[in-house]
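Worksheet: the structure to be examined is printed underneath.
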Amino acid sequence: GAGVSQSPRYKVAKRGQDVALRCDPISGHVSLFWYQQALGQGPEFLTYFQNEAQLDKSGLPSDRFFAERPEGSVSTLKIQRTQQEDSAVYLCASSLNRGVGNEQFFGPGTRLTVL
Amino acid sequence: RKEVEQDPGPFNVPEGATVAFNCTYSNSASQSFFWYRQDCRKEPKLLMSVYSSGNEDGRFTAQLNRASQYISLLIRDSKLSDSATYLCVVNPYNFNKFYFGSGTKLNVKP
């Protein structure tokens, strides 16, 4: 069956450009997470949606980062005025329900390189 | 201090060996715990949840020690295909946020 998909898989941006990263979660999954994974590190939490509501955005590193999920399915992570330190893999994950213990299913990630 | 800490390794072991990883967490109110596996340049995938009483899935055994605030993963009879990075994941006090360790790299050699 279809898993979590992300696009683009690779993105090269010049410093100062805006980028938009898309996540298509598994159909029917209520919860959606965005993570940032730097080389050699584990994923770092960015933000969480329950349906269309963004319930936690405490992990967004600056106000240049913005995420939305307007209809409770597809989500977009936007980074404005990209900087070199934004270079990382951006992972999206979804889970069926809210609640402790629910398995998160990850997409393949978008590898962002800022030159 | 990081929420979740892991020994980065690498652990280099021969096929058939038994290997164990530990992971410590800082928030004593943490509610749920997981081990994820991540292959090189791939996304993380759930290996197993960790229950208070400990749990086993085939060659894999996970343990939780709340008093000392660590979780462990034991792999018996290592296979070449077990080579990967193992990520410890902790959900501290609400279901919204999950903290990942930096991962422990395992290399199983023939």
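Predicted model, so just to flag it, every value in this text is computed and none were measured. Each chain gets a letter, A, B and so on, in the order the sequences are listed, and its residues count up from 1.
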Query raised in the report: Is there a chain of hydrophobic side chains (I, L, V, M, F, W, Y, each step under 4.5 Å between heavy atoms) that links B/L46 to B/L87?
Result: yes
**Report entry** Pairwise distance CG(A/L55) to NZ(B/K97) - rounded to 0.5 angstrom
**Finding:** 12.0 Å
Query raised in the report: If Ile, Leu, Val, Met, Phe, Trp and Tyr residues are connected whenever their side-chain heavy atoms lie under 4.5 Å apart, and connections chain through other members, are A/F106 and A/L46 in the same group?
Result: no
Requested in this report: Return yes when atom CG of A/L39 has more than 12 non-hydrogen atoms of other residues, nucleotides or ligands closer than 6.0 Å, and no otherwise.
Outcome: no
Query raised in the report: Which atoms of B/Q6 come close to chain A, meaning under 4.5 Å heavy atom to heavy atom: side chain ones, backbone ones, both, or neither?
Result: neither
Query raised in the report: What is the distance from atom CE of B/M48 to atom CD of A/E103, rounded to the nearest 0.5 Å?
Result: 12.5 Å
Query raised in the report: When you look at CD of B/Q69, are more than 12 heavy atoms from neighbouring residues, nucleotides or ligands closer to it than 6.0 Å?
Result: yes
**Report entry** Shared hydrophobic cluster for A/Y90 and A/Y48 (ILVMFWY, side-chain gaps under 4.5 Å)
**Finding:** no
Query raised in the report: In terms of heavy-atom proximity below 4.5 Å to chain B, should A/F105 be classed as side chain, backbone, both, or neither?
Result: neither
Query - Within residues 60-88 of chain B or reaching into it, pairs that qualify as ring-ring contact (aromatic ring centres under 6.0 Å, His included) - sequence neighbours excluded - result: B/F21-B/Y86
Query raised in the report: If you check every heavy atom in residues 108-115 of chain A against those of chain B, which residues fall under 4.5 Å?
Result: A/P108, A/R111
Query - B/P44 versus A/L91, closest heavy-atom pair with distance - result: CD-CD1, 4.0 Å
Requested in this report: Decide whether A/V19 and A/L60 are clustered together by the hydrophobic rule: side chain heavy atoms of Ile, Leu, Val, Met, Phe, Trp, Tyr closer than 4.5 Å, transitively.
Outcome: yes
Requested in this report: Any pair with a residue in residues 6-15 of chain A that passes side-chain hydrogen bond (donor to acceptor under 3.5 Å, both in side chains), sequence neighbours left out, goes on the list, sorted by first then second residue, please.
Outcome: none
Query raised in the report: Measuring heavy-atom distances to chain B, does A/Q104 have an atom under 4.5 Å in its side chain, in its backbone, in both, or in neither?
Result: both
Query raised in the report: Got more than 12 heavy atoms from elsewhere within 6.0 Å of CD, A/E85?
Result: yes
Query - Aromatic contact, A/F33 with B/F98 (centres under 6.0 Å) - result: yes
Report task. Could you tell me which portion of B/Y36 (side chain, backbone, both or neither) has an atom closer than 4.5 angstrom to a non-hydrogen atom of chain A? Result -> side chain
Query - Joint hydrophobic cluster, A/Y35 plus A/L21, side-chain heavy atoms closer than 4.5 Å - result: no
Query - Contact listing (chain A partner; residues 100-110 of chain B; heavy atom under 4.5 Å) - result: B/F100, B/G101, B/S102
**Report entry** Pairs of heavy atoms under 4.5 Å with chain B: top-ranked of A/S58, A/P43, A/A93, A/A38
**Finding:** A/P43
